[in-house]
Number of protein chains: 2
Amino acid sequence: MHQPTKRVIDILEYIVKKGENVRLTDFSRELEMPKSTLLAILKTLCDYKFLVNENGMYSAGTALFSLGAAFTGNFPTLNFVRKQLDDLVGLLGETCYFGVLEEGNVLYLEKADSLHPLRMLITTGRRLPAYSTGIGKALLIDCSEDELKKIYPDGLLPFTKNTITDFKVLASQLECAKNDGYVWEIEESMEHIRCFAVPVRKNSRVVAAVSVAIPVFRFNEEKRDFIIDSVKNVAQKISETIEQTDAHFGNIF
Amino acid sequence: MHQPTKRVIDILEYIVKKGENVRLTDFSRELEMPKSTLLAILKTLCDYKFLVNENGMYSAGTALFSLGAAFTGNFPTLNFVRKQLDDLVGLLGETCYFGVLEEGNVLYLEKADSLHPLRMLITTGRRLPAYSTGIGKALLIDCSEDELKKIYPDGLLPFTKNTITDFKVLASQLECAKNDGYVWEIEESMEHIRCFAVPVRKNSRVVAAVSVAIPVFRFNEEKRDFIIDSVKNVAQKISETIEQTDAHFGNIF
DNA sequence: AAACTGTGTTCGCATATACGAACGAAACGG
DNA sequence: CCGTTTCGTTCGTATATGCGAACACAGTTT
């Protein structure tokens, strides 16, 4: 591990987590780096707009935006995905997500916000353990029990009282889901939220997934079929589009 | 200037420019760094998903997406802006932009694509000299000739035969535009493209701008008033929204 | 007004990093 | 098929970077 590089990474990830108004001392304390060393790195990052220094307060700079935008720009498919998610929200009224699997985690690539004031709070770019989320289970849908154990060598940690922590239970549930063509989840990653998700395939391999997250009190069984059909429909459209591209997305697709 | 940090920056900016399939030797040649040093840095960047290494070919990694998304997430106003631009494209049919001023350059923060197959190619996150673009002139609209000279100490370089290279001409044109409340531009930054732009203000200070870019052959004078009114209307709505927030956007707003 | 907290410098010393050459492997071309 | 080129990797040494302490300065609190 290259220390100077690691430090730059730590600084950047820390500043985007905090967003703004981070002081030199905060960096030093949280990242355990001497202030004199920090100052040299921070100054250079400011020169190139990765950070902004406003009388002692550091904030995330526009270069971070440019990097992310340039990355996204390589994947025009995402524009199509966003429009599909917008349509899906129009139908269902609840927050919808699109994400890919990255080493056992869901990486959220796109979302469309619920029309309701009370809505989910996951932001694009975040990573969450796949086994506990609806969209994540859709991404793992083809995994056997052995494969799951390999992905999560430290076991399945609970996030709520409903989180599945037993590999056998998870594997058998995925087995069923594979037949049904969709996954559901009730308060396994967050209290009061249930979820439906459908995998997106390219050449029959799961490469991404679409999901909708619904507060339990706004759900009722009558809506069930309509929700599942709507999500399946969007996942199918996205699958067809992705089939035609050769985009890798950081070699995830 | 801190060399290791500068190198990380150079590597990241180079990889997003190239997008994918960059070899160790390419980095070494283009960035003038010894291969042995590069290897240590690249390996660390791969560990943290800033890069991906696929049998010798490096590509941009998902961490870049996460950084950019986290940055954007701090500015919910951008979602509103995107919807406004979408509406504007619905009215005008041509590519629309939203951007801010950063040291004499326009930084494009949002865009909505034209419905026509032939359209502008500027992507979000890019920077272009403000004096030559429509949106950029809207951002400079309150500047005097002296202020312009301070921003561009090396003078105004031409990009097309129409680019304004004389400070006096630019300043007097901005003076007129300030009265009209909008800026126009004909093939000053790109051949075959003309542009209308309107500044977005916060507390009466220009903090951003909205523009529409139209291929010259699709423009005719009858549309003029409608275009200008539409852009002004959107800029006004965005102004009102920004007034209510205290977002800085990398201390640009 | 003095004590405290935090930023940004400076400086000498110890050390981790950078460098370039040399090596091995693979791809290319005649 | 073998020489040639290109690429990635390794390694010992030189050097640039990292470190911690001390200091000046500014703002805030006691």
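Numbers restart at 1 for each chain; the letters A, B, ... are given by sequence-line order, proteins then strands. For clarity, every value in this text was computed on a predicted model and none was experimentally measured.
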Next on the checklist: Just so I know, are the side chains of A/L170 and A/Y152 near enough to count as touching, which here means a heavy-atom distance under 4.5 Å?
Outcome noted: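 They are not in side-chain contact.
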
Next on the checklist: In this structure, how many angstroms lie between the P atom of D/dC7 and the CG atom of B/D26, rounded?
Outcome noted: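 After rounding, the reported distance stands at 8 Å.
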
Checklist entry - Rounded to the Å, how far apart are A/L24 CG and C/dT9 C1'? => result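 Roughly 12 Å, once rounded to whole Å.
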
Next on the checklist: Treating A/K111 as the side-chain partner and A/I122 as the backbone partner, does any N or O pair qualify as donor plus acceptor under 3.5 Å?
Outcome noted: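 Present.
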
Checklist entry - Does C/dG6 have OP1 or OP2 sitting under 4.0 Å from an N or O in the side chain of A/Y58? => result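 For A/Y58, the contact criterion (side-chain N or O under 4.0 Å from OP1 or OP2 of C/dG6) is not met.
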
Checklist entry - Between D/dA26 and A/N55, is there an OP1 or OP2 to side-chain N/O distance shorter than 4.0 Å? => result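 For D/dA26, neither OP1 nor OP2 has a side-chain N or O of A/N55 closer than 4.0 Å.
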
Hey, could you give me the [atom1]/[atom2] distance between [X] and [Y], rounded to the nearest 0.5 Å?
X: A/S189; Y: A/K137; atom1: OG; atom2: NZ; result: 9.5 Å
X: A/F80; Y: A/I238; atom1: CZ; atom2: CD1; result: 6.5 Å
X: B/T62; Y: B/L67; atom1: OG1; atom2: CG; result: 10.0 Å
X: A/I41; Y: A/M33; atom1: CD1; atom2: CE; result: 4.0 Å

Checklist entry - Pick from B/Q244, B/K237, B/Q236: which one makes a side chain to side chain donor-acceptor pair (under 3.5 Å) with B/E240? => result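 Among B/Q244, B/K237, B/Q236, the one meeting side chain to side chain donor-acceptor pair (under 3.5 Å) with B/E240 is B/Q236.
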
Checklist entry - Using a cut-off of 4.0 Å on non-hydrogen atoms, how would the nucleic acid contact of A/N53 be classed: base, sugar-phosphate, or nothing? => result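 Counting heavy atoms under 4.0 Å across all strands, the contact made by A/N53 is with sugar-phosphate only.
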
Run the salt-bridge test on [X] and [Y] with the 4.0 Å N-O cut-off and return the result as yes or no.
X: A/K49; Y: B/E103; value: yes
X: A/E102; Y: A/R127; value: yes
X: B/K43; Y: B/D47; value: no
X: B/D10; Y: B/R7; value: no

Do any N or O atoms of the protein come closer than 3.5 Å to N or O atoms of nucleotides 24-29 of chain C, and which pairs are they?
none

Checklist entry - In residues 2-18 of chain A, which residues come under 4.0 Å of DNA chain D by heavy atom? => result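 A/Q3, A/R7 - these, ordered by number, are the residues of the stretch whose heavy atoms sit under 4.0 Å from the strand.
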
Item to check | Strand-adjacent residues in residues 28-46 of chain B, judged by heavy atoms under 4.0 Å from DNA chain D | outcome: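 Contacts with DNA chain D under 4.0 Å: B/K35, B/S36, B/L39.
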
